[in-house]
Amino acid sequence: MHIPHVTAPTVAIAGTSDRFPVRRIFCVGQNYADHAREMGSDPDRQEPFFFSKPADAVVANGTTLPFPLKTEDLHHEVELVIALGAGGKDIAVEDAAATIFGAGVGIDLTRRDLQAAAKKAGRPWDMAKGFDRSAPVGALTAGIPAAKGGIALAVDGETRQSGDLSMMIWSVPEIIATLSTFVELAPGDLIFSGTPAGVGPIQRGQTVRATIDGFETLEVTFAA
């Protein structure tokens, strides 16, 4: 029997031809108070919760994507993505920054209709969040990201999301530290850190442009 060769997914690194290998993708749910409210949740500072996407859900900047299967309500969520260059378990908040390789702009694509059905039935979100090509990520900038800076997303030039990284309920070091109590983090892990309010639908043929101050812009287009 032929054993298949599988290539690890990678993300571009700004200013170099090197690529960052992706091991796993973790996402933080409802980490901006205004987004928590629009999703019908209490934004009080409760323990953060996490979900995952497969590593090969990563999509490069400038890609034209087929519209995802099994959905008529695809949503955009712009997020700061943290790339880890080191790992560990039970990491202290004050030590978390030392694990960071860099950061970039990401879009957490969500099949909202599937998510709503899963929530109603008390079932997992996997097929709503972890589908093919559900994690566009722009080039990473090496270093620890700033705790504040504009974050925004536009669809066909119309601004849909606009906020600031300082609006996060849980900071990046707190996210890393908390996540490391659930799993042992490792080099190559990506962490999507949450999205501000304004999430909404994407139609076939539309272009989505995501920006965060200080990082390469991320743009993807959906086939008509």
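- The two residues Ala14 and Ala139 come nearest to each other via the heavy atoms N-CB, 3.9 Å.
- When all heavy atoms of Pro124 and Ala118 are compared, the closest pair comes out as O-CB, 3.4 Å.
- No side-chain heavy atom of Val78 sits less than 4.5 Å from a side-chain heavy atom of Leu218.
- Considering only heavy atoms from C-beta on, Thr211 stays 4.5 Å or farther from Val105 through its side chain.
- Looking at Thr181 and Lys89, their side chains never come closer than 4.5 Å, going by heavy atoms from C-beta outward.
- At least one donor-acceptor pair closer than 3.5 Å links the side chain of Asp156 to the backbone N or O of Thr207.
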Under the side-chain hydrogen bond (donor to acceptor under 3.5 Å, both in side chains) criterion, do Gln206 and Thr221 qualify, and how do the steps go? CA-CA 6 Å; Gln206 290 188 316; Thr221 298; over 6 Å; no
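- Taking the side chain as every heavy atom from C-beta outward, Val172 and Leu165 never approach each other to under 4.5 Å.
- Nearest heavy-atom pair across Phe192 and Pro136 is CZ-O, 4.3 Å.
- Hydrophobic cluster membership is shared by Val11 and Val81, with clusters built from Ile, Leu, Val, Met, Phe, Trp and Tyr side chains linked at under 4.5 angstrom.
- A donor-acceptor pair under 3.5 Å links the side-chain atoms of Gln161 to the main chain of Pro196, judged by distance alone.
- In this structure, CG on Leu179 lies 4.5 Å from CG on Leu185, to the nearest 0.5 angstrom.
- When all heavy atoms are compared, the tightest approach of Pro187 to Gly87 is CD-N, 4.1 Å.
- No side-chain donor-acceptor contact under 3.5 Å links Asn31 to the backbone of Met168.
- With no hydrogens or angles considered, no side-chain donor-acceptor pair links Thr71 and Asp73 at under 3.5 Å.
- Side-chain atoms of Glu216 and Thr141 form no donor-acceptor pair, as typed in the model, at a separation below 3.5 Å.
- Around atom CZ of Arg19, more than 12 heavy atoms belonging to other residues, nucleotides or ligands sit under 6.0 Å away.
- Salt-bridge formation is not detected for the pair Glu72/Arg112: no Lys NZ or Arg NE/NH1/NH2 atom is positioned less than 4.0 Å from an Asp or Glu carboxylate oxygen.
- Residue Val58 is not grouped with residue Phe50 when hydrophobic side chains (ILVMFWY) are merged at heavy-atom distances under 4.5 angstrom, including chains of intermediate members.
- By the 4.5 Å heavy-atom criterion applied to side chains, Pro54 and Phe131 are not counted as neighbours.
- Here Lys53 pairs with Asp108 in a salt bridge; the nearest charged N to carboxylate O distance falls below 4.0 Å.
- With a 4.5 Å cut-off on side-chain heavy atoms, Ile25 and Ser52 do not count as touching.
- When atom types are taken as modelled, the side chain of Asp164 and the backbone of Lys148 share no donor-acceptor pair closer than 3.5 angstrom.
- No hydrogens or angles considered: a donor-acceptor pair under 3.5 Å links the side chains of Lys129 and Thr110.
- The pair Arg24-Asp189 meets the salt-bridge criterion, with a side-chain N (NZ, NE, NH1 or NH2) lying under 4.0 Å from an Asp/Glu carboxylate O.
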Could you go through the side-chain contact (heavy atoms from CB on, under 4.5 Å) check for Leu190 and Ile82 one step at a time? CA-CA 6 Å; Leu190 299 182; Ile82 307 301; over 6 Å; no
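- Under the 4.5 Å side-chain heavy-atom criterion for grouping Ile, Leu, Val, Met, Phe, Trp and Tyr, Ile175 is connected to Ile100 within one hydrophobic cluster.
- Judged purely by atom type and a 3.5 angstrom limit, Thr16 has no side-chain atom pairing as donor or acceptor with the backbone of Ile13.
- Residues Phe215 and Ile107 fall within the same hydrophobic cluster, defined by Ile, Leu, Val, Met, Phe, Trp and Tyr side chains chained together at heavy-atom separations under 4.5 Å.
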Quick one: do Ile176 and Ile191 satisfy side-chain contact (heavy atoms from CB on, under 4.5 Å)? Show the steps, please. CA-CA 8 Å; Ile176 293 170; Ile191 304 174; 4.0 Å; yes
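- Of the possible donor and acceptor atoms, one in the side chain of Ser180 sits under 3.5 Å from a partner among the backbone N and O of Ile91.
- One distance of note links CG of Leu109 with CG of Leu65; it measures 7.0 Å at 0.5 Å rounding.
- Note: Phe222 and Phe67 have perpendicular aromatic rings, judged against thresholds of 30 and 60 degrees for the angle between ring planes.
- You'll find the side chain of Thr195 stays beyond 4.5 Å of the side chain of Ile151, heavy atoms only.
- For CZ of Arg160, the number of neighbouring non-hydrogen atoms (other residues, nucleotides, ligands) closer than 6.0 Å is greater than 12.
- Across Phe182, Trp125, Phe26, a single residue satisfies ring pair (Phe, Tyr, Trp, His ring centres under 6.0 Å) together with Phe51, and that is Trp125.
- If you take NE2 on His76 and CG on Leu74, they are separated by 9.0 Å, rounding to the nearest 0.5 Å.
- Separating the CG atom in Leu84 from the OG1 atom in Thr99 is a distance of 4.5 Å, to the nearest 0.5 Å.
- For the atom pair CD of Gln30 and CD of Glu77, the computed distance is 9.0 Å after rounding to the nearest 0.5 Å.
- Minimum interatomic distance between Gly104 and Ile212 (heavy atoms only, all atoms of both residues): O-CD1, 4.3 Å.
- The main-chain N or O of Glu174 is found under 3.5 Å from a side-chain atom of Thr178 such that the two form a donor-acceptor pair.
- Linking ILVMFWY residues whenever their side-chain heavy atoms come closer than 4.5 Å, directly or via other members, places Val28 and Tyr32 in the same cluster.
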As a quick check of understanding, evaluate ring pair (Phe, Tyr, Trp, His ring centres under 6.0 Å) for Phe101 and Phe20, giving each step before the final call. CA-CA 9 Å; Phe101 168 83; Phe20 183 87; 5.2 Å; yes
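- Nearest heavy-atom pair, Leu140 versus Ala83, reported as atom, atom and distance to 0.1 Å: CD1-CB, 3.6 Å.
- One distance of note links OG1 of Thr64 with CD of Glu219; it measures 9.5 Å at 0.5 Å rounding.
- A donor-acceptor pair is defined here as one N or O able to donate and one able to accept, closer than 3.5 Å; such a pair exists between the side chain of Ser193 and the backbone of Leu80.
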